[in-house]
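Working notes, structure below.
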2 protein chains.
Amino acid sequence: MTDGAPVSDTRAEFIEKIGLITQAEGMPRIAGRVFGMLIFDGEAASFGDLATRLQVSRGSISSSIRLLEERGLVKRIAKPGDRQDYFQLAPNPYVSMLEGVQKRARSTRDEITHTINALPAGSDAINRLQEYANFYAKTAAAIGTVINALHTSKACDTGQAPAAPKDDDHEN
Amino acid sequence: MTDGAPVSDTRAEFIEKIGLITQAEGMPRIAGRVFGMLIFDGEAASFGDLATRLQVSRGSISSSIRLLEERGLVKRIAKPGDRQDYFQLAPNPYVSMLEGVQKRARSTRDEITHTINALPAGSDAINRLQEYANFYAKTAAAIGTVINALHTSKACDTGQAPAAPKDDDHEN
DNA sequence: CGTCCTGTTCAGTATTGACTGAACAAACTT
DNA sequence: AAGTTTGTTCAGTCAATACTGAACAGGACG
């Protein structure tokens with residue numbers, strides 16, 4: 001705040017921090033650094049910029065970008081004069097993150113109910129498994145409310161009308 | 001349901017499935033297998049049983065149990081006649097899981113706000129970082145509501161009165 | 001056509017971390 | 001006390017995977 005250290009230091013620390021967080025969440029560290037850099041800088045970064053400024057090989061940038069694109073966190077754009085690809089944050093990356101978590105939670109719930117259905121009617125394991133499945137169901141539902149909250153708070157800065165994205169809490 | 005395959009097969013598949021899920025969530029697979037076995041069987045299992053039935057070394061059981069105890073998922077108990085340690089599911093393991101996730105989300109949010117505070121007032125990165133921090137804050141809050149829901153649905157089968165565990169949505 | 005320029009792919013390397021098994025310490029049994 | 005049983009710790013091994021760098025393919029431009 002009092003500018004004791006230059007902003008570039010703060011920036012570097014932030015990028016590194018996001019790298020570690022991302023690694024803890026099961027993604028490669030470099031993907032997190034890319035993500036952190038795009039958040040901090042805001043403006044689109046070129047493929048070459050990413051490799052140079054993050055000091056990693058072009059191969060690593062390529063695979064990290066692929067991961068981030070798959071998860072809907074980063075968008076690839078083209079610039080008129082330039083032959084390089086440019087990258088920037090996707091319109092609402094956090095929603096995409098949550099959708100991924102939600103999808104996995106639901107899938108886990110489904111696997112548990114699949115086990116339940118394979119058990120004979122009287123089994124006393126059913127109650128415990130039901131509780132376990134219910135936990136994932138409740139979690140997925142709660143994530144749904146956050147997704148909706150993020151949708152309405154950011155509104156539509158993408159130009160396309162989200163049309164009040166419907167509370168997708170089907171199934172309990 | 002029609003009992004096409006024996007329950008023991010279903011059990012083995014379930015335990016293995018939880019092992020994989022747990023691995024995907026960043027824990028060692030064996031810890032997940034222990035957790036899965038305790039869920040399915042319900043009754044307390046001895047240290048030796050775990051090693052024998054899961055076909056892993058005692059060292060692995062020891063470290064897996066340590067992890068599960070740290071996270072509040074499993075409780076160690078003693079049986080009068082037996083010198084072995086026994087293990088069973090903690091009273092409300094899913095609440096403990098969520099508390100861990102919530103704690104990490106809050107810690108991440110704090111790290112981001114820490115970065116924000118280190119930036120000069122006019123920086124245009126602040127808005128983006130604020131949004132990022134807000135995402136983690138909202139997530140943590142939503143997890144809080146699930147925790148409360150699980151508290152009230154299971155009520156108090158531990159004997160101790162939770163006394164309406166207060167909505168801990170302090171701070172937004 | 002040949003030559004850059006740009007991004008992807010892939011084999012090889014390095015690092016991380018799970019798992020084993022043996023050594024160890026503590027507590028019980030005789 | 002000697003000998004068991006039980007759980008933890010730790011060095012070593014093994015597998016998974018992140019990362020590199022070189023080879024490659026496809027355009028753009030001369």
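- Minimum heavy-atom separation, Q102(B) to A140(B): NE2-O, 3.1 Å.
- For the pair R29(A) (side chain) and G19(A) (backbone), a donor-acceptor distance under 3.5 Å is absent.
- At whole-Å resolution of the value, CG in L50(B) and P in dC19(C) are 14 Å apart.
- Spacing between atom CG of L54(B) and atom C1' of dC19(C) amounts to 14 Å, rounded to whole angstrom units.
- When all heavy atoms are compared, the tightest approach of P93(B) to A90(B) is CD-O, 3.1 Å.
- I112(B) and A133(B) make their closest contact through CG2-CB, 3.8 Å (heavy atoms, listed as atom of the first residue, atom of the second, distance).
- Remark: S57(B) is in phosphate contact with dT20(C), judged by side-chain N or O atoms under 4.0 Å from OP1 or OP2.
- Counting only heavy atoms from C-beta outward, the side chains of L67(B) and P28(B) approach each other to under 4.5 Å.
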Kindly give the atom pairs (protein nitrogen or oxygen, nucleotide nitrogen or oxygen) under 3.5 Å for nucleotides 5-7 of chain D.
residue, atom, partner, partner atom, Å
dT5(D), O2, R83(B), NH2, 2.6
dG7(D), OP1, D85(B), N, 2.4
dG7(D), N7, R58(B), NH1, 2.8
dG7(D), O6, R58(B), NH2, 3.4

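- Per the geometry, CG belonging to L67(A) stands 12 Å off P belonging to dT9(C), to the nearest Å.
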Heavy-atom protein contacts under 4.0 Å, nucleotides 12-18 of chain D, coded B base, S sugar-phosphate only, - none: ------S
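- Separating the CD1 atom of I61(A) from the P atom of dG7(C) is a distance of 11 Å, rounded to the nearest angstrom.
- Residues T145(B) and T145(A) form no side-chain contact, since every pair of their non-hydrogen atoms from C-beta on lies 4.5 Å or further apart.
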